[in-house]
Amino acid sequence: MTAVPGLAAQAAALASGEVTSRELTERALARIAASGDTLNAFRVVRGEAALAEAERADRALAEGRRLPLLGVPVAVKDDTDIAGEPTAFGCAGDFPLKTADAEAVRRLRAAGAVIVGKTNSPELGQWPFTEGHAFGAVRNPWNTAFTPGGSSGGSAAAVAAGLVPAALGSDGAGSVRIPASWTRLIGIKPQRGRISTWPDPEAFNGITVHGTLARTVGDAALLLDAAQGSHPGDLHRPPPVEARAAATRDPGRLRIALSTRTAFTATPKRLHPLVASAVRGLADRLAALGHEVEEADPHYGPIGLTFVPRATAGIREWAGRMPDQELLDPRTRGAARTGRLLGGPPLRVARAAEGPLHRYVGRIFRRYDVVLAPTTATPPPRVGDLMGLTSWQTDRTMIAHCPYAWPWNVLGWPGINVPAGMASPGPGEAPLPLGAQLLGPAHGEPLLISLAAQLEADQRWYERWPEPLPA
């Protein structure tokens, strides 16, 4: 696939007058249209609206205005409101048009970005695959027989295929990091509240945050800088960080815990040998770069018992917003029923447990600066493998694939997926990406970003692109 300039490169080209925003936006829209039948990354494409935004950006550029993303086309996940567009969040039905931008979109616009569309998500962001009867299946640009992951699978597929240079996603159980790992991207899950979730004071009882996907650490950090910030109504309002500046700094010599242990879930799961080998290879590179790397695991305690009430109560709340609940997947309706049962005292107990869990899990950071862990336990599954399963089968299967990411959502702490390797699913099949996550304590994004950038300079993951999509 022909390389497409990244977020920072496009912003620089616009500022220097090498290209216009309309030209970049037309190219992005053409790539989206050409990939639609194959990747199916977008739920909403804002063709005319995006071109009008691009023309306004060109006028601003001609007047000498300079903003971090002025005129650059980007995408957002379809759980995020854009004025004049519906927010279906993976569901079927006739949705009203939103009358105002979400705070994160408002901030992207304030930075000058052109929003070309809204990317596909599974119903209410529940699953690590992006498929549904409302829109079909999103496919992985590295091998279209496989899923890009989820729930930010549309955003990941769009960035990995070069349809847009970067995109906003959301992460409630790994939903930025998982698709980033399976599409060879940088996926930043920031500290809870770093990017506002308004018009919701918090999302899914605090487990879900907005995050960024890009091909490089610098681009993911640039989008984070543009999107971050609080609304007065937010429940979580951490101070800002300088993400892109962190991507230019040496992290220093760090103590890194290599962890392959998972939190208890009462379901079977096993780390695939190919993933284990890729993550250990990354640990070796970190050691070669001068870091102290040792095998050590956080102690997670009963963290899984606190996740389920928060997640299912959030699903129940979102399901109540749907115009026709009969159109929801039976698994979604089942999760909403569970959320009704767990949404009272069990939810309050789950939320009260977060402070003790911070102290218990956080003991790992008395000895280590960063935890290195697999992002997923397996390579990506094939498209369709999880669509026909019952609720119980789906839960067991997705935990088996993705047991590593969700504890950091309970804690609200930052994590970053970085590419770890490639693995062929079978003879003659195109290889698929594998990822690892760098995990830190509260407000630890700058250190994680600096370490990811150091690894990127060593590994140069961004130089490899998927093969061109079939015509």
Side-chain angles (χ1 to χ4, degrees), residues 20-33 35-36 40-61 65 67-121 123-125 132 134-135 138 151-152 154-155 158-159 163-170 195-201 203 210 212-213 223 226-227 229 231 233-234 318 320-324 327:
T20 67
S21 179
R22 183 176 179 98
E23 288 169 338
L24 288 180
T25 303
E26 286 177 338
R27 293 171 195 170
L29 292 170
R31 290 191 294 267
I32 292 167
S35 72
N40 190 30
F42 281 81
R43 183 71 182 263
V44 173
V45 179
R46 304 180 67 246
E48 291 185 9
L51 289 173
E53 291 176 16
E55 289 174 355
R56 288 195 292 272
D58 283 330
R59 289 194 293 272
L61 286 161
R65 291 192 66 196
L67 295 168
L69 300 180
L70 185 54
V72 183
V74 301
V76 302
K77 184 178 178 179
D78 192 28
D79 61 347
T80 307
D81 292 350
I82 297 176
E85 307 293 350
T87 298
F89 204 177
C91 300
D94 185 13
F95 291 84
L97 304 184
K98 294 296 181 178
T99 58
D101 290 334
E103 178 67 13
V105 170
R106 188 193 71 77
R107 289 179 176 271
L108 290 179
R109 290 193 194 278
V114 173
I115 315 295
V116 296
K118 304 186 76 178
T119 57
N120 273 318
S121 161
E123 280 194 6
L124 309 186
F135 61 88
V138 178
S151 63
S152 304
S155 288
V159 176
L163 310 186
V164 289
L168 204 64
S170 60
I195 300 175
S196 173
T197 55
W198 192 261
D200 292 317
H210 290 302
T212 61
L213 295 120
L223 192 65
H231 183 277
D234 289 340
W318 261 97
R321 305 176 187 181
M322 297 300 107
D324 187 347
L327 296 177

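Nothing here was measured: the structure is a model prediction, and the numbers come from that model.
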Residues forming a side chain to side chain donor-acceptor pair (under 3.5 Å) with [X], sequence neighbours excluded:
| X | result |
| --- | --- |
| T87 | D81, K118 |
| R46 | E53, E85 |
| R321 | D200, E317 |

For the pair [X] (side chain) and [Y] (backbone), establish whether a donor and an acceptor sit closer than 3.5 Å, ignoring hydrogens and angles.
| X | Y | answer |
| --- | --- | --- |
| T80 | V76 | no |
| D79 | L124 | no |
| S21 | G71 | yes |
| N40 | F135 | yes |
| S152 | S170 | yes |
| S35 | I32 | yes |
| E23 | T20 | yes |

**OP:** If the plane angle is over 60° it's perpendicular, under 30° parallel, otherwise tilted; pick one for W198 and H231.
**Re:** parallel

**OP:** Go through D234 and S196 one step at a time and tell me if the side chain to side chain donor-acceptor pair (under 3.5 Å) criterion holds.
**Re:** CA-CA 7 Å; D234 289 340; S196 173; 2.8 Å; yes

Subject >> Test side-chain contact (heavy atoms from CB on, under 4.5 Å) applied to L29 and L163, L51, L24, the passing residue >> reply: L51

Residues which pass salt bridge (charged side-chain N to carboxylate O under 4.0 Å, His left out) with [X], listed by chain and number, not counting sequence neighbours:
| X | result |
| --- | --- |
| E26 | R22 |
| E123 | none |
| D101 | R109 |

**OP:** Output, in order, the C-alpha distance, side-chain angles, deciding distance and verdict of side chain to side chain contact (heavy atoms under 4.5 Å, CB included) for L168 and V74.
**Re:** CA-CA 8 Å; L168 204 64; V74 301; over 6 Å; no

**OP:** Evaluate the side chain to side chain contact (heavy atoms under 4.5 Å, CB included) criterion for residues V116 and V164: first the C-alpha distance (whole Å), next the side-chain angles of each, then the deciding distance (0.1 Å), finally the verdict.
**Re:** CA-CA 9 Å; V116 296; V164 289; 3.6 Å; yes

Original post:
Quick one: OG on S121 to NZ on K77, what's the gap to the nearest 0.5 Å?
Top reply: 4.5 Å

**OP:** Kindly compute the distance separating CD1 (I195) from CG (L108), expressed to the nearest 0.5 Å.
**Re:** 8.0 Å

